[in-house]
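One structure below.
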Amino acid sequence: MSVTAQQIRDALAKVASPRGAPLPEAGVLSEIVVNDGKVFFSINVDSAEAKAWEDVRARADAAVRALPGVTSSMIALTAERKPGGAAPMSTPQARRGVAPASAHRAPQSAHGSPMGKQAPVTGVGAIIAVASGKGGVGKSTTALNLALGLRDLGLRVGVLDADIYGPSMPKLTGIREKPQLNDSKRMIPIQRFGLAVMSIGFLVDEETPMIWRGPMVMSAITQMLREVEWGTLDVMVVDMPPGTGDAQLTLAQQVPLHGAIIVSTPQDLSLIDARRGLAMFTKVNVPVLGIVENMSYFQCPHCGTRSDIFGHGGARREAQQLGVPFLGEVPLHMDIRATSDAGTPLVESEPDSDHAKIYRSIAAAINDRLKIATTAA
Ligand SMILES: Nc1ncnc2c1ncn2[C@@H]1O[C@H](COP(=O)(O)OP(=O)(O)O)[C@@H](O)[C@H]1O
Ligand SMILES: [Mg+2]
């Protein structure tokens with residue numbers, strides 16, 4: 001028997017809100033989504049009261065997980081700012097509201113990275129974002145293959161799929177299982193290809209359209225970042241949601257990023273979006289480690305001849321103009337697509353191919369930049 005939203009509601013009735021009312025009667029619950037044992041909902045409170053609610057969120061989470069038939073849960077505490085008055089999201093007060101109970105404020109980061117304001121993630125060395133101005137440019141494919149390229153450099157690598165609007169990692173990695181919980185009820189990322197991988201797609205059905213409101217996005221991502229037992233990682237690759245809107249900006253602001261990589265196709269439109277991406281990261285003081293041109297040129301799978309159907313080289317020129325490093329060109333090739341579709345990314349399944357070499361050389365360039373960024377800071 002699968003668990004129902006009503007059963008969840010009944011369990012939540014035993015959780016008291018800060019003023020004493022049972023949680024379902026406090027007027028703060030979003031719709032409860034239950035999908036094949038996976039439970040998702042948010043608790044929406046005023047940012048001024050967020051701190052008092054953190055404990056309620058944790059207790060609600062425990063109550064839900066204790067129900068037979070519940071395999072995982074993601075309960076987001078979202079702190080809304082009151083229209084016209086209260087603090088903007090960027091104030092420490094509001095930030096505490098979206099942060100999970102366990103994400104205590106850490107002391108200022110010692111190495112004074114540009115993101116020194118954000119608490120580092122324990123055990124995780126560098127966090128880098130892979131971003132794009134728009135969807136469909138191959139951001140996720142690039143992120144995963146670069147993560148594998150970093151792995152091949154001997155680094156311990158994690159992948160956080162923060163593209164909660166369209167999580168790609170279940171498909172690209174072929175991961176179908178759900179994350180297990182450890183003794184302290186923290187989710188353990190799935191290990192695949194020697195990478196630690198976490199995606200909201202492991203918890204909610206890929207086909208289920210999720211309606212995310214601004215603060216919920218950050219809360220879900222913060223939980224995947226900070227309430228997951230990542231272990232010790234040299235580098236975490238974050239597959240960002242596409243675009244440069246508020247959600248992306250908040251994410252870039254609140255995740256302690258060491259740098260960002262922008263993926264673009266060579267076309268003008270994509271480049272304009274890439275420029276916006278650069279502006280966004282610059283605004284929040286995250287160094288852009290470089291631009292990758294994806295689907296840069298077409299390589300015939302039969303004869304190997306290449307043709308520049310998309311106007312190859314646009315991203316390199318753009319990078320030059322913008323004064324950011326150009327990291328490399330990945331061709332449009334059927335093998336890249338086919339291996340992605342099959343859940344066996346190219347760097348893993350065809351490690352000796354020319355394409356794998358391209359990804360590895362970009363990964364090496366990123367690693368060089370990261371060293372520069374962290375030692376210079
Ligand atoms: N270099 C490439 N050559 C061929 N197909 C690619 C390449 N990069 C990405 N793709 C394909 O393009 C589609 C979109 O890629 P994806 O990584 O999901 O993009 P995004 O994350 O930006 O939305 C997928 O079908 C993927 O397999
Ligand atoms: Mg994607």
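Any value given below was found using the heavy atoms of this structure, including those in side chains, with hydrogens, waters and symmetry copies removed. Residue numbers start at 1 and run along the sequence shown. All ligand and atom numbering here is 1-based and tracks the order in the structure. Remember, it's a predicted structure, so these values are computed and weren't measured experimentally.
Nearest to atom 8 (N) of ligand 1 by heavy-atom distance, out of Asp239, Asn294, Thr265, is Asn294.
Residue Ser73 holds its OG atom at 8.0 Å from CG of Leu181, rounded to the nearest 0.5 Å.
Less than 4.0 angstrom separates some heavy atom of Pro331 from each of these atoms of ligand 1: 1 (N), 2 (C), 3 (N). Within the listing of ligand 1, atoms 1 (N) sit less than 4.0 angstrom from a heavy atom of Val330. Distances below 4.0 Å separate heavy atoms of Met295 from the following atoms of ligand 1: 8 (N), 9 (C), 10 (N), 12 (O). Of all atoms in ligand 1, listed by their number and element, those nearer than 4.0 Å to a heavy atom of His333 are 3 (N), 4 (C).
Atom CD of Gln180 has 12 or fewer neighbouring heavy atoms from other residues, nucleotides or ligands inside a 6.0 Å radius.
Between Lys139 and ligand 1, at least one N/O pair is under 3.5 Å apart. Considering backbone and side-chain atoms alike, Ser132 places every N or O at 3.5 Å or more from each N or O of ligand 1. Residue Gly138 has at least one N or O atom closer than 3.5 Å to an N or O atom of ligand 1. Polar contact check, Ser140 against ligand 1: a nitrogen or oxygen pair lies under 3.5 Å apart. Considering backbone and side-chain N/O of Leu332, none are found under 3.5 Å from N/O of ligand 1.
Between the Mg ion (ligand 2) and Ser140 there is an N/O/S contact shorter than 2.8 Å.
No hydrogens or angles considered: nothing links the side chains of Thr265 and Asn294 as a donor-acceptor pair under 3.5 Å.
Between Arg192 and Glu348, none of the side-chain N atoms (NZ, or NE/NH1/NH2) sits under 4.0 Å from a carboxylate O, so this pair counts as no salt bridge. Salt-bridge formation is detected for the pair Arg57/Glu227: a Lys NZ or Arg NE/NH1/NH2 atom is positioned less than 4.0 Å from an Asp or Glu carboxylate oxygen. Salt-bridge formation is not detected for the pair Arg316/Glu293: no Lys NZ or Arg NE/NH1/NH2 atom is positioned less than 4.0 Å from an Asp or Glu carboxylate oxygen. Using a cut-off of 4.0 Å between Lys/Arg side-chain N and Asp/Glu carboxylate O, Arg156 and Asp234 are scored as salt-bridged. A salt bridge links Lys139 with Asp163: the distance from a Lys NZ or Arg NE/NH1/NH2 to an Asp or Glu carboxylate oxygen falls below 4.0 Å. Between Arg186 and Glu229 there is a salt bridge, since a side-chain N of the basic residue sits under 4.0 Å from a carboxylate O of the acidic one.
In this structure, Pro242 has no heavy atom closer than 4.0 Å to ligand 1.
Here the heavy atom of the protein found nearest to atom 17 (O) of ligand 1 is Thr141 OG1, 2.6 Å. Looking only at protein heavy atoms, the nearest one to atom 23 (O) of ligand 1 is Gly136 N, 2.9 Å. In this structure, the protein non-hydrogen atom closest to atom 5 (N) of ligand 1 is Arg337 CB, 3.5 Å.
Summarising the geometry of Gly149 relative to Val347, their closest heavy-atom pair is N-CG1, 4.1 Å, with the distance given to 0.1 Å.
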